[in-house]
Amino acid sequence: MRIDILTLFPEMCAAVYRESILGRAAKKGVLTVDSVNIRDFAGNKHNSVDDAPYGGGAGMLMQAQPVYACFADLCDRLGTRPHLIYMSPRGKVLTQQRAKELAQLPNIAILCGHYEGIDERVIEEIVDEEISIGDYVLTGGELPALVLTDCIARMLDGTLSSAEGRENESHYHGLLEYPQYTRPPVWRGREVPEVLLSGHHENIDKWRAEQSLRVTAERRPDLLEKKKPGED
Ligand code: 4H6
């Protein structure tokens, strides 16, 4: 799949693609990530892309036209229209389930807002979906876009080694992760639970399932209520 990030800060994204799990996905050829500078589509000699909000108020807004021109150019270059996601505190909160669905798409573009946001008209005109990474506010949409990209990338076949897997992890089956331990067997007087040293895989699986339920009940009872019986 291919993800293009539309941003005023393309350099901020590039460093993350090279490092992290995204670099590995790129190397394996399962994912291409690129960023496009919205400022290249300013269309005026001062390269300005912002203006004051009608009706007054603090701060500036990104103008509709540069965002529109940037997306139109991307569509031309790709020869297709990617699913366009706008990262915004107003969006629907990201879930593992939505990331899994998005990972099925061949082309995604992510629009990052800055200043106080973007002129509503271009959002209505081109945005397919608004996503938030949580109920808090950041200075720009770039970090949320990278969070979403990482979350999608690790759902692609070939991104994770088989050892890392996607199966056992927190939130994948709607439960939190069970506690894990590595050597030594005793550290500062704390012992590794005996069952994990037993080599009895059936008992180990049962212990882990119980622990996942216990941890989830203690910390995130809301996840247990959401989980429908039989759902993975
Ligand atoms: C769109 C509209 C996403 C994007 C406004 C973006 C948090 C999230 C932004 C803004 C974001 C999230 C601009 C509003 C700066 C606050 C960029 N913050 N903001 N939760 N900020 O996913 O002022």
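Order of listing sets the numbers, starting from 1, for every ligand and every atom in it. Note: hydrogens, waters and symmetry copies are ignored here, and every other heavy atom, side chains too, is used.
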Check: Rounded to the nearest 0.5 Å, what separation is found between the OH atom of Tyr178 and the CD atom of Glu210?
Finding: 13.5 Å
Margin query: Within the 4.0 Å heavy-atom shell around Gly141, which atoms of ligand 1 are there?
Written below: 17 (C)
Check: Between Asp128 and Arg81, is there a side-chain N and carboxylate O pair less than 4.0 Å apart?
Finding: yes
Notebook entry, point to check: Any idea which atoms of ligand 1 are less than 4.0 Å away from a heavy-atom of Tyr136?
Noted result: 7 (C), 20 (N)
Check: Taking C-beta and beyond as the side chain, do Gln180 and Thr182 meet within less than 4.5 Å on heavy atoms?
Finding: no
Notebook entry, point to check: Do Leu61 and Tyr54 have side chains that get closer than 4.5 Å, going by heavy atoms?
Noted result: no
Checklist line | Selection from Ile118, Val137, Val147 by shortest heavy-atom distance to atom 14 (C) of ligand 1 | finding: Val137
Check: If you take all heavy atoms of Ile123 and Tyr86, which pair is closest and at what distance?
Finding: CD1-CE2, 3.4 Å
Margin query: Less than 4.0 angstrom from a charged side-chain N to a carboxylate O is my criterion; do Lys92 and Glu129 meet it?
Written below: no
Check: Looking only at atom types and distance, does a side-chain atom of Ser212 sit under 3.5 Å from a main-chain N or O of Ala209, one as donor and one as acceptor?
Finding: no
Check: Looking at Thr139, which atoms of ligand 1 are within less than 4.0 Å of one of its heavy atoms?
Finding: 15 (C)
Margin query: For Tyr115, which part has a heavy atom under 4.0 Å from ligand 1: side chain, backbone, both, or neither?
Written below: backbone
Item checked: Close-contact set for ligand 1 against Pro144 heavy atoms, below 4.0 Å -> 3 (C), 8 (C), 22 (O)
Check: What atoms of ligand 1 come within less than 4.0 Å of a heavy atom belonging to Ser132?
Finding: 12 (C), 20 (N), 22 (O)
Check: What residue and heavy atom of the protein are closest to atom 11 (C) of ligand 1, and at what distance?
Finding: Leu138 O, 3.7 Å
Margin query: Suppose we measure from atom 2 (C) of ligand 1 to each protein heavy atom; which comes out shortest, and what is that distance?
Written below: Tyr86 OH, 3.3 Å
